[in-house]
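What's counted below: heavy atoms across the whole structure, side chains too, no hydrogens, waters or symmetry copies. Positions are given from 1, in the same order as the sequence printed here.
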Amino acid sequence: MAWCPKCKCEYVDGIKVCADCGCELVASLNEGTEEKEAAQETAPVFPTEGDDFEFDEEEPSPKYHSLYINNEERAEENRTSAYTLLVVGGVGLVLIILFFTDVINLHLTLISKYMITGVMGVLFILFIIMGIVSMKNSRILKKKASKENMLTMEIRKWCKENLNKEQVDAQLECSDQPEELKYFQRFDYMKKAIQNQFMNLDEAYLDRLIEEAYPEIFEENEE
């Protein structure tokens, strides 16, 4: 088996390069100690005018999170759920009233009739209450979405102004790497640069933002 001296990940025989950090694999972790120390001393720093990025050499490779659902999407989901619950609850209550007043006659006993209308009536009232709550949540999330969208636009603008494909690749020395490895190295570089410029960002939010901004920096105008 082969090991990555930096990530300490185990690979099957035949793989020569770590898929996460691009380091050459070694037969055992002891053999890779010197390579790991050398790699940590060369953390990428992107030179921009007026900005100094100080990367933590001891920081482990970032973990990628599941797809982030932004506040605008969550607001839309809550609004859709609210309309559905309100419609189902309202129609259900109308049917219950019609059933209770014998407009809809199912020929049930009086006890069964009261039990069905009581249970179903409570259920449809809960639907309406849940719909109202979802609608309120939708309005709250809509306000948060406005601020989040402004932050997203600001970060993407900063990336386009300060991150250049040729300079980033030169810093990472990844011109000869396969495209898949280039993607992970560029992704990590962008993440560290943004985290140094914009503090306290949600990890999942940042991962999604980079995925959306990546083509604008590294794939735009490429054939």
Side-chain angles (χ1 to χ4, degrees), residues 4 6-9 18-23 36 39-81 134 136-174 177 179-222:
C4 173
K6 184 177 180 180
C7 303
K8 297 184 180 180
C9 295
C18 176
D20 292 329
C21 64
C23 290
K36 179 180 178 181
Q40 290 177 338
E41 294 176 356
T42 57
V45 178
F46 186 83
T48 59
E49 189 174 333
D51 289 317
D52 293 325
F53 300 152
E54 297 179 358
F55 296 107
D56 186 0
E57 297 179 355
E58 299 298 327
E59 182 181 351
S61 298
K63 297 180 180 179
Y64 298 99
H65 296 76
S66 57
L67 182 63
Y68 176 78
I69 302 177
N70 60 39
N71 287 319
E72 188 171 2
E73 293 169 339
R74 291 169 61 195
E76 182 62 30
E77 288 180 359
N78 274 266
R79 184 163 51 250
T80 301
S81 298
S134 294
K136 289 182 177 180
N137 289 338
S138 174
R139 292 172 181 172
I140 294 172
L141 290 169
K142 192 68 176 177
K143 293 179 181 179
K144 292 182 179 180
S146 177
K147 296 180 181 179
E148 184 180 72
N149 290 338
M150 291 179 62
L151 175 62
T152 300
M153 291 176 61
E154 182 181 354
I155 295 175
R156 293 183 69 163
K157 179 181 178 182
W158 182 88
C159 288
K160 292 188 72 173
E161 292 176 351
N162 294 275
L163 300 178
N164 177 273
K165 176 179 180 294
E166 288 73 21
Q167 290 177 306
V168 171
D169 287 351
Q171 283 288 323
L172 296 174
E173 298 180 354
C174 64
Q177 297 284 357
E179 281 301 318
E180 183 177 352
L181 289 179
K182 281 185 182 180
Y183 173 82
F184 287 115
Q185 292 178 2
R186 290 166 173 173
F187 193 103
D188 291 347
Y189 185 93
M190 288 182 65
K191 192 169 187 177
K192 291 176 182 177
I194 294 171
Q195 285 175 328
N196 276 272
Q197 184 68 21
F198 300 88
M199 303 297 180
N200 302 321
L201 296 177
D202 180 85
E203 289 281 335
Y205 163 79
L206 182 55
D207 286 347
R208 173 169 174 172
L209 188 150
I210 295 174
E211 287 177 358
E212 294 174 350
Y214 183 94
E216 299 176 0
I217 299 172
F218 297 103
E219 297 176 6
E220 200 172 62
N221 300 325
E222 283 189 0

Lys/Arg-Asp/Glu bridge criterion (N-O < 4.0 Å) met for E179, K182: yes
Residues R208 and E148 bridged, charged N to O under 4.0 Å: no
Greater than 12 external heavy atoms within 6.0 Å of E173's CD: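 Not more than 12 within 6.0 Å, no.
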is_close_aromatic(Y183, Y214), centroid dist under 6.0 Å: yes
From [X] atom [atom1] to [Y] atom [atom2], the distance as rounded to the nearest 0.5 Å:
| X | Y | atom1 | atom2 | answer |
| --- | --- | --- | --- | --- |
| E203 | K191 | CD | NZ | 4.0 Å |
| Q197 | C159 | CD | SG | 9.5 Å |
| L151 | Y205 | CG | OH | 4.0 Å |
| E72 | N149 | CD | CG | 5.0 Å |
| R156 | I194 | CZ | CD1 | 10.5 Å |
| M153 | I155 | CE | CD1 | 12.0 Å |

Residue of the set E77, R79, E76 for which side-chain contact (heavy atoms from CB on, under 4.5 Å) holds with S138: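 Of the listed residues E77, R79, E76, the side-chain contact (heavy atoms from CB on, under 4.5 Å) partner of S138 is R79.
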Flag side-chain contact, heavy atom, 4.5 Å: F218 against L163: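 Not in contact.
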Step-by-step side chain to side chain contact (heavy atoms under 4.5 Å, CB included) determination, Y68 to L206: CA-CA 9 Å; Y68 176 78; L206 182 55; over 6 Å; no
For A213 against M190, the heavy-atom pair lying closest together: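 Closest pair (atom of A213, atom of M190, distance): CB-CE, 4.4 Å.
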Working for side chain to side chain contact (heavy atoms under 4.5 Å, CB included), residues L209 and L201: CA-CA 11 Å; L209 188 150; L201 296 177; over 6 Å; no
From N78, N70, N71, residue fulfilling side-chain hydrogen bond (donor to acceptor under 3.5 Å, both in side chains) relative to R74: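 When N78, N70, N71 are each tested with R74, the side-chain hydrogen bond (donor to acceptor under 3.5 Å, both in side chains) holds only for N71.
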